[in-house]
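Structure first, then comments.
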Amino acid sequence: LTQPDPATLRPPPFTFMLDKATMLNTTGQMHGIITWVEGKLVPIFFGCLRVRLGRGTGDGLAEISRKCLLGGGPLNLSLELIRRSLTCIAADGQYASEDQGHASGLQIQGHLCLKLNMSNRWTIFRWDGAHRIELGMDEVRRFSPWYSELASKIAETVKPYVVGKNKERLLQTCETIGLRLAQT
C-alpha cells in the first residue's frame, strides 16, 4: 500500500472492508482491503479485532477501524497515505447511514472520516455484495415456505449447543473483578 504504482507514481487506492462477526462467542470486527496488485484487484483479509462491550456503536467501531489502519491493529499506515488512498468503505447495510438510505445504521463512514479528518465526499460507502445476497436469501425464505422451515429446523437443532454473545459480557465482568475463567 505504500509503494507507488509505476504508472501513476502514487500509492494504490484501496477499499476498506468491515463486518461484525461472532466467533467462539466473542464479537469482533473483521477488516480487510481490496487494492490493485500488479494490475489485478486483490482482496486481503487482515483479521478480526475484538469489540469490547459497549464499543459496538458506530463511533466505537470506527475507532477500532482507525486503529486497524493507523497502528495498534494489523496496519501501520500514515494518516497522509490513508487520506490519499482510501476511496471506499464496503460493509453491511447496518454500517450505512441516512445518506446511503439506512437511517438506523451505524454511520461508520461518517464516524471514520471524522476520526481521520477527511471528507465523506471523497470516501464513498458501498453495501457489499455478500450482504446483498443475504438479503436475497431472506426473500427466498419468505416466498418458499419449505426453505424457511428447513432453516428453522436447523436453528432449533443447534440451539442447545450455542452459548451466544453473552460470553463477551461474562469475560468483561470477570476481567473487571479480577477473576480468570478457564478456556474451553
Side-chain angles (χ1 to χ4, degrees), residues 1-5 8 10-23 25-37 41-139 164-169 171-172:
L1 293 176
T2 59
Q3 295 298 313
D5 182 278
T8 64
R10 295 175 57 104
F14 67 91
T15 294
F16 192 45
M17 301 177 296
L18 315 165
D19 196 9
K20 283 198 301 185
T22 301
M23 299 177 292
N25 307 308
T26 301
T27 300
Q29 181 168 260
M30 296 184 294
H31 296 94
I33 63 164
I34 299 174
T35 192
W36 291 99
V37 177
L41 283 175
V42 177
I44 302 168
F45 174 68
F46 293 123
C48 190
L49 300 177
R50 185 174 173 199
V51 176
R52 295 213 174 256
L53 199 59
R55 298 296 292 169
T57 64
D59 186 61
L61 295 171
E63 180 59 24
I64 293 168
S65 300
R66 187 190 69 75
K67 287 180 180 176
C68 172
L69 293 167
L70 287 170
L75 296 176
N76 191 21
L77 302 174
S78 72
L79 189 55
E80 179 186 344
L81 182 114
I82 293 168
R83 288 180 184 155
R84 291 180 68 183
S85 301
L86 176 61
T87 59
C88 180
I89 297 169
D92 183 357
Q94 181 185 13
Y95 280 65
S97 67
E98 192 171 336
D99 294 345
Q100 292 93 28
H102 199 294
S104 63
L106 294 169
Q107 302 182 51
I108 196 80
Q109 176 196 13
H111 289 291
L112 185 57
C113 286
L114 186 64
K115 289 180 179 300
L116 297 172
N117 195 24
M118 55 190 291
S119 172
N120 281 11
R121 294 179 185 173
W122 172 245
T123 305
I124 60 174
F125 179 91
R126 288 293 178 253
W127 197 337
D128 73 82
H131 286 96
R132 285 186 280 181
I133 290 170
E134 193 176 288
L135 286 177
M137 291 308 300
D138 287 345
E139 291 292 307
K165 294 181 182 181
N166 286 325
K167 180 181 179 190
E168 188 69 25
R169 187 179 305 267
L171 288 174
Q172 188 167 349

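- Of the charged side-chain nitrogens involved, none lies within less than 4.0 Å of a carboxylate oxygen, so that Glu80 and Arg83 do not count as a salt-bridged pair.
- Taking CD from Gln107 and CG from Leu114, the interatomic distance works out to 11.5 Å, rounded to the nearest 0.5 Å.
- In this structure the side chain of Ser85 never reaches within 4.5 angstrom of the side chain of Pro12, judged on heavy atoms.
- Looking only at side-chain heavy atoms (C-beta outward), Pro11 and Thr2 stay at 4.5 Å or farther from each other.
- Using a distance-only test at 3.5 Å, with no hydrogens or angles considered, a donor-acceptor pair links the side chain of Thr35 to the main chain of Pro13.
- The side chain to side chain contact (heavy atoms under 4.5 Å, CB included) test with Leu1 is passed by exactly one of Val37, Ile82, Ile33: Ile33.
- With a 4.5 Å cut-off on side-chain heavy atoms, Ile108 and Phe125 count as touching.
- Between the side chain of Gln29 and the main chain of Leu18, no donor-acceptor pair closer than 3.5 Å is present.
- The side-chain heavy atoms of Leu86 and Trp122, taken from C-beta on, include no pair separated by under 4.5 Å.
- With hydrogens and angles ignored, the 3.5 Å screen pairs a side-chain donor or acceptor of Gln109 with a backbone N or O of Thr123.
- Nearest heavy-atom pair, Ser119 versus Cys113, reported as atom, atom and distance to 0.1 Å: O-SG, 4.0 Å.
- Distance check: Phe16 CZ to Ser65 OG gives 4.5 Å after rounding to the nearest 0.5 Å.
- To the nearest 0.5 angstrom, Leu112 atom CG is 12.5 Å from Leu106 atom CG.
- With a 4.5 Å cut-off on side-chain heavy atoms, Leu77 and Phe14 count as touching.
- For the side chain to side chain contact (heavy atoms under 4.5 Å, CB included) with His111, the lone residue among Leu61, Asp59, Thr57 that qualifies is Asp59.
- Annotation: the span from Leu70 atom CG to Leu116 atom CG amounts to 6.0 Å, rounded to 0.5 Å.
- In this structure the side chain of Leu41 reaches within 4.5 angstrom of the side chain of Trp36, judged on heavy atoms.
- Atom-to-atom distance recorded for Phe45:CZ and His31:NE2 is 9.5 Å, nearest 0.5 angstrom.
- One distance of note links CE of Met17 with SG of Cys88; it measures 10.0 Å at 0.5 Å rounding.
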